[in-house]
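Working notes, structure below.
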There are 2 protein chains.
Amino acid sequence: MPDELRDRGLRLTPQRELVLAAVRELGHANPEEIAEMVRLKHPGINLSTVYRNLETLENVGLVIHSHLGHGGATYHAADDINHLHLVCGKCGSVGEAPIETAAQFVNTIADDYSFKTDVTHFAIHGTCARCLETL
Amino acid sequence: MPDELRDRGLRLTPQRELVLAAVRELGHANPEEIAEMVRLKHPGINLSTVYRNLETLENVGLVIHSHLGHGGATYHAADDINHLHLVCGKCGSVGEAPIETAAQFVNTIADDYSFKTDVTHFAIHGTCARCLETL
DNA sequence: TAGGTAGATGCGACAACTTTGCAAGTGGCT
DNA sequence: AGCCACTTGCAAAGTTGTCGCATCTACCTA
């Protein structure tokens, strides 16, 4: 679908297409990982081009970033954000749970604080089952 | 209570006391803000000393960090972590809600995924009431 | 109370990650 | 085919946090 880029007023460059494809394929990935994947087909791409394209793609709503750990952002395809992330503070593993798991929590906060929460933006932090066992 | 430091095997230095005091006074603050406050009484303190003391104080359980925004950590007094943070992605405001608000959510995740979540570590991201109005 | 020592501090260098300026390149319109 | 604004590559710089090392000092011991 090359027109999904043009329709949003963006030029269709190989770099841009490959960045979007990488985000979709990787599920969630940081800029460095995305650059690596893009380089398989377009070895010369510069990291700053990746950063700029991620920002651009996010501005037009094709891509979304979230924060899974202490460090930088990870990027997702916008239409793939239907889950929340369970990040283990011990081993760093990233689990997923359907977004409905938080539905009541979100509603409570909306009712009590008029705050519309986006549960996918930040990870849910805690300790995973395996790490709990080994304590 | 100077002995709360010594009791945990830490030397009682003016810098360390002031860092702890600043964390307690500020409620939540990043290392730079903490350094600024410490400098009011101890102008010479080095930023790396602040970082090292925050790490040390966290190791002995007097201080805890959490992530409120895209950037770095913010620090709290450990006995002050009884609320979760509602961070508005538009205006950056930080609201609070009692930790019980998330109790059922936490239980659901524990039951379904054996994942023990720490809701205070990452902020709850979304849009605050005021920003929702002005959309 | 003086002295020794492990731990703490200050300082500068370094590292990781991201942003920016600018010149050269190129997609898309006419 | 040609033009122009948008993109890219590259290098430099900004940010934030970490590290090595020499110096200093809190605390223990005699």
Side-chain angles (χ1 to χ4, degrees), chain A residues 1-23 28-39 41-60 62-75 92, chain B residues 1-23 28-39 41-60 62-75 92:
Chain A
M1 297 300 279
D3 286 343
E4 67 187 329
L5 289 173
R6 273 199 278 256
D7 288 351
R8 287 161 219 254
L10 299 183
R11 286 200 187 162
L12 193 155
T13 68
Q15 292 91 333
R16 187 163 286 163
E17 278 189 294
L18 288 168
V19 167
L20 180 52
V23 169
H28 39 76
N30 60 39
E32 187 61 57
E33 292 165 337
I34 291 163
E36 250 170 63
M37 159 142 271
V38 171
R39 278 198 264 265
K41 292 191 176 172
H42 188 102
I45 196 173
N46 195 277
L47 238 197
S48 61
T49 299
V50 174
Y51 277 102
R52 281 188 285 224
N53 273 323
L54 288 171
E55 187 186 339
T56 303
L57 293 170
E58 185 157 28
N59 284 339
V60 299
L62 286 172
V63 151
I64 282 178
H65 80 270
S66 55
H67 296 273
L68 301 191
H70 292 194
T74 70
Y75 288 83
Chain B
M1 296 302 277
D3 285 343
E4 66 185 331
L5 288 174
R6 273 199 279 254
D7 288 351
R8 289 162 218 252
L10 300 182
R11 287 200 187 163
L12 194 155
T13 67
Q15 292 93 332
R16 187 163 285 163
E17 278 190 294
L18 288 168
V19 167
L20 180 52
V23 170
H28 39 75
N30 60 39
E32 186 60 57
E33 291 165 338
I34 291 164
E36 251 169 62
M37 158 142 271
V38 171
R39 277 198 263 266
K41 291 190 175 171
H42 189 101
I45 197 174
N46 195 278
L47 237 198
S48 61
T49 300
V50 174
Y51 277 102
R52 282 188 284 225
N53 272 323
L54 288 171
E55 188 186 340
T56 304
L57 292 170
E58 184 155 30
N59 284 338
V60 299
L62 286 172
V63 150
I64 283 178
H65 81 269
S66 54
H67 295 273
L68 301 191
H70 293 194
T74 70
Y75 287 83

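Since the model is a prediction, treat every value here as computed from it, not as a measurement.
In the 5' to 3' direction, nucleotides of DNA chain C lying under 4.0 Å from heavy atoms of chain B begin and end at dA6(C) to dC11(C).
Residues Val38(B) and Ile34(B) meet the side-chain proximity criterion, which asks for heavy atoms closer than 4.5 Å. Using a 4.5 Å heavy-atom cutoff, the side chains of Leu20(B) and Val63(B) are in contact. By the 4.5 Å heavy-atom criterion applied to side chains, Leu54(A) and Val19(A) are counted as neighbours. Taking 4.5 Å as the limit, every side-chain heavy atom of Arg16(A) sits out of range of all side-chain heavy atoms of Leu12(A). Using a 4.5 Å heavy-atom cutoff, the side chains of Leu5(B) and Leu62(B) are in contact. Counting heavy atoms from C-beta outward, His65(A) and Thr74(A) have side chains that stay 4.5 Å or more apart.
Of all the heavy atoms in Val50(A) and Ala35(A), the pair that sits closest is CG2-CB, 3.8 Å. Here the closest non-hydrogen pair linking His42(B) and Pro14(B) is ND1-CB, 4.3 Å.
At its two ends the helix from dT1(C)-dA30(D) to dT30(C)-dA1(D) runs along axes set 30° apart, each axis drawn from five pairs and the angle rounded to 10°.
Contacts of Thr49(B) classified as side-chain contact (heavy atoms from CB on, under 4.5 Å), with partners at least two apart in sequence or in another chain: Gln15(B), Ile45(B), Asn46(B), Arg52(B), Asn53(B). Glu32(B) is linked by a salt bridge (Lys or Arg N to Asp or Glu O under 4.0 Å) to Arg39(B), counting only residues two or more places apart in sequence or in another chain.
Panel note: side chain Asp3(B), backbone Arg6(B); no donor-acceptor pair is recorded below 3.5 Å.
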Seminar exercise, completed: With B for base contact, S for sugar-phosphate-only contact and - for none (protein heavy atoms under 4.0 Å), nucleotides 25-30 of chain D reads BBS---
Seminar exercise, completed: B/S/- along nucleotides 15-22 of chain D (protein heavy atoms under 4.0 Å) is -SSBBB--
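Taking CG from Leu57(B) and CG from Leu10(B), the interatomic distance works out to 6.5 Å, rounded to the nearest 0.5 Å.
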